Structure formats: structure tokens, C-alpha cells
Amino acid sequence: MSDTSSQHTIVMVGQTPVETWGARRFEGRIAAVTGAARGIGRAVAERLIAEGATVYCLDLRAELLEETWNGVDRAVTIATDVGDSAAVDAAFERIRAEHGKLHVLVCNAGIPDHPKRAKDFPGDPEPATIDDETWEFVLRVNLTGTFNCIRAGVPLIRAVGLEGGAIVNLSSVAALHPSPLAVPYPSSKAGIIGMTHAFAALLGKENIRVNAIAPAATDGAMMPEDKEYLATLTAKQPIDRLVPPSEMAANIVYLCSDEAQFITGQTVSVSGGMVM
Amino acid sequence: MEPMNDKHVHDIQPIHYPVQVGDVLVETWGMHRFEGRVAAVTGAASGMGEAVVQRFLAEGAIVYALDLSQEKLDRMWGGVEGVTSIAVDVADSASVNAAFERIRAERGGLHSLVTAAGVADSPSRMNAEGGHSPAHLSTIDDESWNFVIGVNLTGTFYCIRAAMPLIQATGAGGAIVTISSVGAFAPYPLPAAYPASKAGVTGMTRAIAALVAGENIRVNSVAPAATRTAMLPTDEALLDSLLALQPIPRAIPASEMAASIVYLCSDEAQFMTGQTVHINGGMVM
């Protein structure tokens, strides 16, 4: 049997070809994506733009943000530290002033460890090495940062009305699968699941959906170059490969779309079967 | 739009990218993910299976529609382009094997299998419209238990077993989606055979996902809450009590279920396997 002629549709977003399969689920919609300069956040913003959205791209790394999004249609950059609630409030105030509402919020900004210890996974898991500053920093960016953005984003999502809106938070397979990582990261990512449940229960009647994605190791997102280490991670997956950010983005954007209108409070594990 | 707390609000949303399938307009959002692909759907003469067939067709698939009654299949799919209907009893392995042998003979392979055939209870216990009847244990006789397990759990196994060689024959991988239920995850006093069969489907989904992942074949499941099909409880008090457990307190349109099922079959979900996607308005998180 010959393989298929499935209809691929490539949309250029800046210099990036984005597969959409022809979907146009976000025409005229406003989205905000944190951690949008690189990795999964960038891929989510690209997919949303490819399907017609105007996307506010938030990231701490102002230069990278400009480098990625400068000159891209319907991408608006705001340099923001999600761990700083005043900065977050200011960013969402700008979105309010410019559009008055927000349909989609993807809370993707996150770090694997304190940068003084490790830029990438796995970090030093020995508890004695995890000082207060490290613990507080990782929790502040990953967990408090997600809360800051949802708190600032909800009034704008409410302004959409009963048409509804969607929030997707980035948890991690590290919150679900036992693995000897430095503990601030899995702790923060498990906290995101609890937060997702609570906000989903709170906002369901307003037709605002809140879900989480729990990715396995994603290529180019916080992952070290060390091929041997990466191989030990993917070997735990029945689908034994490193997933590209664009595939993770496809799943996140699906949860943001009207295709998933009755899915709320869920943590979808996109992990090649590492967690079932 | 009408108030969200009215369970009777239907999915009268505007259809943005309508594709005509028979007499029905199907929302595709412009997607064509299944051009030239072959899909088989059980329980395809009504409800969720029917909606899945419609969505597959709208996105370009060639679909085998399987259900118990040829008459019902003909009424639903007669004259609709792209559909071949086959009468099959999923609880009868010989019947299932014959159906998939026919697909093999005609197409040589299969890309997607959706096992949507299922029953709420045995016919002897169901109310006139097909919903659940009360749950007292002593009323569930051997025949009722075996019937529900036979269709929902064993039937799902028979179909996956028969379809697997066809999916392997594509050489390009494929996807299977099984139907579990929120009843397998939420403690609710349904007649026990139904949640038992649906929890079994979840276990089977994981085991087969782990088995065939290396062949690029994905196996996932969806666990719906009350969906607007013939299996929706007709007892208003029961339905109200179920919907009250959902933060989004509405019965789910079958087309919404189909959107998620077909998504899991698509290449968009290439890295998802062994998962149960809960589509329940938040009833179970």
C-alpha cells in the first residue's frame, strides 16, 4: 500500500515554514505566549500566527525576542519577566489598551534550574546543593510566573464573553514521571497541575478553559547537547525520539482551539508514551 | 449565544469552514489531514461513530463504516461518497475478522481505526430510549454483565487485533483511538458493567500502545462525559445530576467528540500514545 497524499499546507511565518494542514482556527483572535523567543513558546506563537492570530510574544530575553520576531506580521513583542508581577500587569495592560481582550493565553515561560547552577537539564539533584535562592528562583519563574500571567490575563479573557477563551499551561513529564532531577523544577511543574485544576473549576461556567501540557524532552528547549544524556531520556519513551517544538506546539494550539471546547482541567501528556 | 447553564443549548455555533457530507455540514476549520487515507469506524450508524465518519470524510478520508445493522448503515450512509458500510457484530470475532479481511482485500491497509461501538447496558435492562437503568447490583445478571463486557471491551480487542496487520501493512504507521468513558474515572453509581468495560479499554489502550510504539502505531483513548447521542440518559434528573458535576455544565455535542478523536488519529498528535484524553467539561481532572 502506498502512503498517502495527505494534504500538507505550509505557511511561512517570518523565515519559518509552519505546517498547518490548512487549519485557520484563530483568524482575528488575540493570543499571548510567554517564553516566546525560543523553543516551544516560539513554535506555539508561529503556529498561532500561521492560523491567523495576532500574537503578543512575551519573553525576558529582549534581544532574542527582537531577533526572532522583528518584522514578522501579527507578532507583537513585549519584554517581560513573568516572575515580576508589576511587569506582567504592565504587559497585559498594554494588550488591554490595544485590543481590549484576549482569546488565548499560553503560559510557557520556564527554566530548568537557577542559571548559576545549570542552563540545561539535568542540574545537580543533590538536595544540599539546592540553596534557598535556587529554590525560590525556579518556583518564582515557573509557578508564580504562571500565576502572575493568568491573574493578569483572566480579565482580558473574560472580555471575550461567552465565545470563550483558553489558557494552556506548561507542566512537564517531570511532574508525572519519577526521575532524579533537581527538585525545584518538578515541584514547580506539579504545582502548575494543581493551579490548572483550580482555575478550570473556577472559570468553567464562564466558558474559559484551562488545561496543561506535560511534554517530554523537547528538542531545543532546555535540552543539553549531550547526546548520551538525551538518549537515556528518550529511551524511556515507547516512541524513542526527541520531539521537535513544532509537534509540541500542534498539541498546545489544539487545546487552545474551538476543537477542544469541552476539554478543561486536563493535563495532556505529550511524551511519546513515557507517561500513560 | 444562549446562557451557558442551559444543558439544552446545542452546538449552534457558526460553522467557519463547512464541508458538506451527505445532508450534514461539518466544521473542518479548513483542514485536510486525511486525503487518501483509509479509516475504519465501528458504531458508525449513530452518535459518536457517525460524527467521526463525517469528520473523516470531510477531511478527505476513505471510510469503512461498521455497525451491527446493515439497514441502519444504509439509512445513514447510503449514497454518501467515500463510505463503504459493513454490517458487523464487534462481539463476534469471526464477524470482525471477515470485515477487516474485506478492507484488506479492497485497500491493502488501514491508517486509522476508531472503535466507537459500545453499549450502555444490555437490551433487557435498557429503557425505551436506550439509556442506563438503575444500578442495583442484584439486577445485573450474568447475561447483562457478559453482554456489556463483550461489546465494549472484548469487541474493542477483536477490532484492534483484526486491524493491526492492516495498519502495519501501510508501512507508514497509523493510529487507533478507543472510547473509554468518564464513568471509568469518576465514582458514580452506574450499572457496574459499563464503567468496568471502559476502565478495561484504558488498560488495553496502554498495553497495546507500549507494544506497537516501535512500529510508529499510536494507540490513544478518549474518555467522554455525557455526550449528546442516543446513549445520553433520558432520565432528566439523572442527566441534571451528571451535568452538575461539570464546570462546563452542558452535554457534549457528538461533533466535539469527533474533533478530538480525529485529532488523535492525525499526524498532529504524532508524539501522543497511550494517553486518555478526558473530554468532560472538567468533571474529572
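Everything numeric here is computed off the predicted structure, so don't read it as measured data. Below, chain A is the first sequence line, B the second, and so on; all start at residue 1.
Listed options B/Ala269, B/Gly282, B/Ser260 were ranked by heavy-atom pairs under 4.5 angstrom with chain A; first place goes to B/Ser260. Ranked by heavy-atom pairs under 4.5 Å with chain A, the list B/Gly60, B/Ala225, B/Pro247 is led by B/Pro247. Ranked by non-hydrogen atom pairs under 4.5 Å with chain B, the options A/Met248, A/Glu19, A/Arg25 are led by A/Arg25. Counting heavy-atom pairs closer than 4.5 Å to chain A, the top-ranked of the candidates B/Gln275, B/Arg218, B/Met283 is B/Gln275. Between chain B and the options A/Ala200, A/Ser269, A/Pro238, A/Gly273, heavy-atom pairs under 4.5 Å are most frequent for A/Ser269.
When atom types are taken as modelled, the side chain of B/Thr28 and the backbone of B/Tyr17 share a donor-acceptor pair closer than 3.5 angstrom. A distance-only check finds no donor-acceptor pair linking the side chain of A/Glu46 to the backbone of A/Val44 [under 3.5 Å]. Remark: the backbone N or O of A/Ile239 is paired with a side-chain donor or acceptor of A/Gln237 at under 3.5 angstrom.
Taking the six-membered ring wherever Trp is involved, the centroid distance between the rings of A/Phe121 and A/Tyr185 falls below 6.0 Å. A ring-centre distance under 6.0 Å is found for A/Trp21 and A/His8.
Contact annotation for A/Glu27: only side-chain heavy atoms (C-beta onward) come within less than 4.5 Å of a heavy atom of chain B. Only the backbone of A/Val275 comes within less than 4.5 Å of a heavy atom in chain B; its side chain stays farther off. Both the backbone and the side chain of A/Glu259 have a heavy atom closer than 4.5 Å to some heavy atom of chain B. If you measure heavy-atom distances from A/Val270 to chain B, the contacts under 4.5 Å come from both the backbone and the side chain. Proximity to chain B is absent for every atom of A/Asp240, based on heavy atoms less than 4.5 angstrom apart. For A/Thr20, the part lying under 4.5 angstrom from a heavy atom of chain B is the backbone only. Interface remark: B/Phe271 contributes backbone and side-chain atoms alike to the contact with chain A (heavy atom separation under 4.5 Å). Only the side chain of A/Arg209 comes within less than 4.5 Å of a heavy atom of chain B; its backbone N, CA, C and O stay farther away.
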Under the salt bridge (charged side-chain N to carboxylate O under 4.0 Å, His left out) criterion, do A/Arg241 and A/Glu247 qualify, and how do the steps go? CA-CA 12 Å; A/Arg241 66 182 169 89; A/Glu247 276 188 41; 3.0 Å; yes

Salt bridge (charged side-chain N to carboxylate O under 4.0 Å, His left out) between A/Arg24 and A/Glu51, worked out: CA-CA 4 Å; A/Arg24 301 283 301 172; A/Glu51 294 201 34; over 6 Å; no

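Just one residue in the list A/Leu203, A/Leu105, A/Leu202 forms a side chain to side chain contact (heavy atoms under 4.5 Å, CB included) with A/Val210, and that residue is A/Leu203.
Using modelled atom types, one finds a donor on one side chain and an acceptor on the other under 3.5 Å when comparing B/Arg107 with B/Tyr64. Using a 3.5 Å distance cut-off with no hydrogens or angles, the side chains of A/Asn207 and A/Arg158 do not pair a donor with an acceptor. Donor-acceptor pairing under 3.5 Å is recorded for the side chains of A/Thr196 and A/Asn169. Side chains of B/Ser221 and B/Thr178: a donor-acceptor N/O pair is present below 3.5 angstrom, by distance only.
Within residues 48-56 of chain B, the residues having any heavy atom closer than 4.5 Å to a heavy atom of chain A are B/Arg55, listed by residue number.
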